[in-house]
Structure formats: C-alpha cells, structure tokens
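Read through the structure below, which is laid out as structure tokens, and then see the notes.
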Amino acid sequence: MKKVLLVAALAFGTLTVSAQEEATEAVATTTEVVEAQDAFAEVALEELPEAITAALEAAHPGATISKAYVNEAAQYKLDVTKEDGEAVELYADAEGNWIEM
C-alpha cells in the first residue's frame with residue numbers, strides 16, 4: 001500500500017511540474033505575439049499623411065489627435081479625443097482607410 005501511495009505522489013508531482021512548464025511556455029508565446037503586434041513607434045503629428053487627417057475629419061468631425069504611431073507596415077495608430085471628450089484608439093493605413101487591429 002505504501003508503494004502505491006508513493007507512486008501516486010510521484011506521478012502527481014511530475015504532472016504538476018509538467019503543467020507549470022507548459023503554462024510558462026504559453027505565457028512566453030503570448031507575450032511575444034503581443035510585442036510583435038504592438039511594434040508601433042511614435043511619430044510627430046505633422047508627419048501624418050494628409051489622407052489620414054482628412055479621413056478623421058470626415059469620420060469624426062471635431063476630433064483631435066493627441067498622439068500618433070506608425071509600424072513597419074505603414075499602419076498608423078492614433079490616440080484620438082472625439083468632440084464629446086471620449087478618448088479612442090483608431091487605426092488607419094497611409095491612404096486613410098480605417099483598419100481593425
């Protein structure tokens with residue numbers, strides 16, 4: 001009986017260590033994906049393409065851009081305050097087309 005309990009305890013310990021290692025790997029993979037997706041660098045508002053500012057004015061009249069970012073794919077992330085004071089994050093390509101991220 002003691003041997004059965006010892007084997008059960010060892011098996012449980014092995015499963016626990018294995019589960020912890022898998023969870024750690026999953027967290028590391030998730031972190032890498034988030035970092036790759038959020039590789040935006042801040043740009044000056046003056047450097048934004050005219051198409052983006054025109055699209056913003058058409059879609060959200062009276063809205064202002066507080067910060068802008070661009071990634072390697074020429075996609076822009078905009079921190080925008082709408083006319084009603086609501087802060088939103090919008091994404092657009094260089095031609096002023098809105099994109100979902």
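For Ala87, there are no side chain to side chain contact (heavy atoms under 4.5 Å, CB included) partners at least two apart in sequence or on another chain. Every residue meeting the side chain to side chain contact (heavy atoms under 4.5 Å, CB included) condition with Glu86, not counting sequence neighbours, appears here in chain and number order: Lys82, Asp84, Val88. Looking at residues two or more places apart in sequence or on another chain, you find a side chain to side chain contact (heavy atoms under 4.5 Å, CB included) between Asp79 and Ser66, Lys67, Tyr69, Glu89.
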Can you give me every donor-acceptor pair (side chain of residues 41-58, partner residue at least two apart or in another chain, under 3.5 Å) with its distance?
| residue | atom | partner | partner atom | Å |
| --- | --- | --- | --- | --- |
| Thr53 | OG1 | Glu50 | O | 2.9 |

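Between Trp98 and His60, the ring-plane angle classifies as perpendicular under the 30° and 60° cut-offs.
Considering every non-hydrogen atom in both Ala63 and Val80, the closest pair reads CB-CG1, 3.7 Å. The minimum heavy-atom distance between Phe40 and Tyr76, with the atom names listed, is CE2-C, 4.2 Å.
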For this session: Run the numbers on Val70 and Gln75 for side-chain contact (heavy atoms from CB on, under 4.5 Å), then give the verdict.
Result: CA-CA 6 Å; Val70 66; Gln75 297 170 327; over 6 Å; no

